[in-house]
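Take a look at the structure below.
Whatever order the structure lists ligands and atoms in, that order sets their numbers, starting from 1. Just so you know, residue 1 is the first one in the sequence shown, and it goes up from there. These figures come from a predicted structure and were not determined experimentally.
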Amino acid sequence: MFSFRLEETDNRARTGTITTPHGIIETPIFMPVGTVGSVKTISPQELDDMGAQIILGNTYHLHLRPGDEVVAKFGGLAKFNSWHKPTLTDSGGFQVFSLAEMNKITDEGVHFRSHLDGSKLFLNPERSIEIQQNIGADIMMAFDECVSLPAEKEYVRKSIERTYRWAVRSRAAKTNGHQALFGIIQGGTDLDLRRISAEQITSIDFEGFAIGGLSVGEEIPLMYETTSFTTEYMPKDKPRYLMGVGTPQDLLHGIKYGVDMFDCVMPTRNARNAMLFTSAGKLHIKNKQWELSDEPVDAECSCYTCRNFSRGYLRHLHKAGEYLGLRLNSIHNLHFYLSLVKRARNAIKLGIYDKFMNETLEKMSTGGL
Ligand code: PRF
Ligand code: ZN
């Protein structure tokens, strides 16, 4: 039901194919974030058109609303939201730590209050897996503890030990053979702890492995160094997922170090804040500079937005507070991310990944936008 096939490699960069019950995923891939079961402002048809192959949902949000039992009654998330390609759910811990009012974290689990109505809730590995099985995504994530940085080494050491015990419990709680389960490596930016966590987590029989705990306040070079170090301790024959990362630059670096999967709210969230990613760098569509511009957002982009609309019109939609502006911006940014990983896959297949990456980074930093 679930398998990963490593295809081409180019130094440490790799292409592969993940097979799931809802279809295949070509890696490296970017996963648009659909927190509550919808990628904000974008329909499944539009996701399909822009080349999305897998989207992400969140255990925490779907458990709170509409409730994972409701999703289960509809036959799972794919039937509920009509996205019939693969889905991955995050385990909820990270969202609890970042969104909810935390009450207590112990080995048993996490006590917290709902960010919607303040009600008292509890999540632990067993509950997280039960909820994720109700949601029915193709890939589930182990319940982990993500420490925000900077943090004391002794705290990070305790958190990787807890994350290991929770990973064992997550694996043991899985009763469903159709869904894959990925383990999550933690350890902050301490390479010693990263190595230990990688050895612990990869000793468990997971279908794939993730790097968690990065892009949580550390400097970018340290994030790259930690990613590069950690992938060396991850099996070559299983998918590798860098959680919650990141910018186009971050994706290109992650791919260079052998990462296969990424997710981030950045393309969709920034789109709604009028910030567009282009091959020549960031473009702020609200700027007066674009008032009379009849240029597309990115002349190299083939998305619906760039094929049909000018910067001047998109600026007008933003100024007027029109919903269409949010949609057109989101379509462009997601298309940009998905075409970036597609071009990366092609470059790896041609054995020219480093050259592709350096040229792409150079253009994004000196494009004059
Ligand atoms: N753990 C989980 N989800 C996550 C993270 C993590 O560490 C991150 C960190 N960037 C994003 N999403 N479970
Ligand atoms: Zn575009």
Open item on the list: Quiz question: by atom type and distance under 3.5 Å, do the side chains of Asp138 and Gln179 form a donor-acceptor pair?
Closed with: no
Open item on the list: Within the 3.5 Å criterion, strictly below it, is a donor on Thr175 or Gln133 matched to an acceptor on the partner's side chain?
Closed with: yes
Task: Within one Ile-Leu-Val-Met-Phe-Trp-Tyr cluster: Val341 and Leu242, side-chain cutoff 4.5 Å - done: yes
Open item on the list: Could you see if Ile201 belongs to whatever hydrophobic cluster contains Val216? Use Ile, Leu, Val, Met, Phe, Trp, Tyr and a side-chain cutoff under 4.5 Å.
Closed with: no
Open item on the list: Can you work out which protein residues put a heavy atom within less than 4.0 Å of ligand 1?
Closed with: Asp90, Ser91, Phe94, Asp144, Cys146, Ile184, Gln186, Gly212, Gly213, Leu214, Met243, Gly244
TODO: Measure from NZ or CZ of Arg311 to the centre of the six-membered ring of Trp290 and say whether it is under 6.0 Å with the direction within 45° of the ring axis.
DONE: yes
Open item on the list: Go through it in stages, so that I can follow the logic: the residues are Phe112 and Tyr60, the test is ring pair (Phe, Tyr, Trp, His ring centres under 6.0 Å), and I'd like the CA-CA distance, side-chain angles, deciding distance and then a yes or no.
Closed with: CA-CA 11 Å; Phe112 60 98; Tyr60 168 79; 5.8 Å; yes
TODO: For Lys153 and Asp190, run salt bridge (Lys or Arg N to Asp or Glu O under 4.0 Å): C-alpha distance rounded to whole Å, both residues' side-chain angles, the deciding distance at 0.1 Å, then the answer.
DONE: CA-CA 8 Å; Lys153 180 160 180 172; Asp190 188 293; 3.2 Å; yes
Task: Identified salt bridge (charged side-chain N to carboxylate O under 4.0 Å, His left out) partner of Glu145 from the options Arg165, Lys158, Arg162 - done: Arg162
Task: Cut-off under 2.8 Å, centre the Zn ion (ligand 2), protein N/O/S atoms - done: Cys301 SG, Cys303 SG, Cys306 SG, His332 ND1
TODO: Could you check whether the rings of Phe122 and His111 sit parallel, tilted or perpendicular, using 30° and 60° as the cut-offs?
DONE: tilted
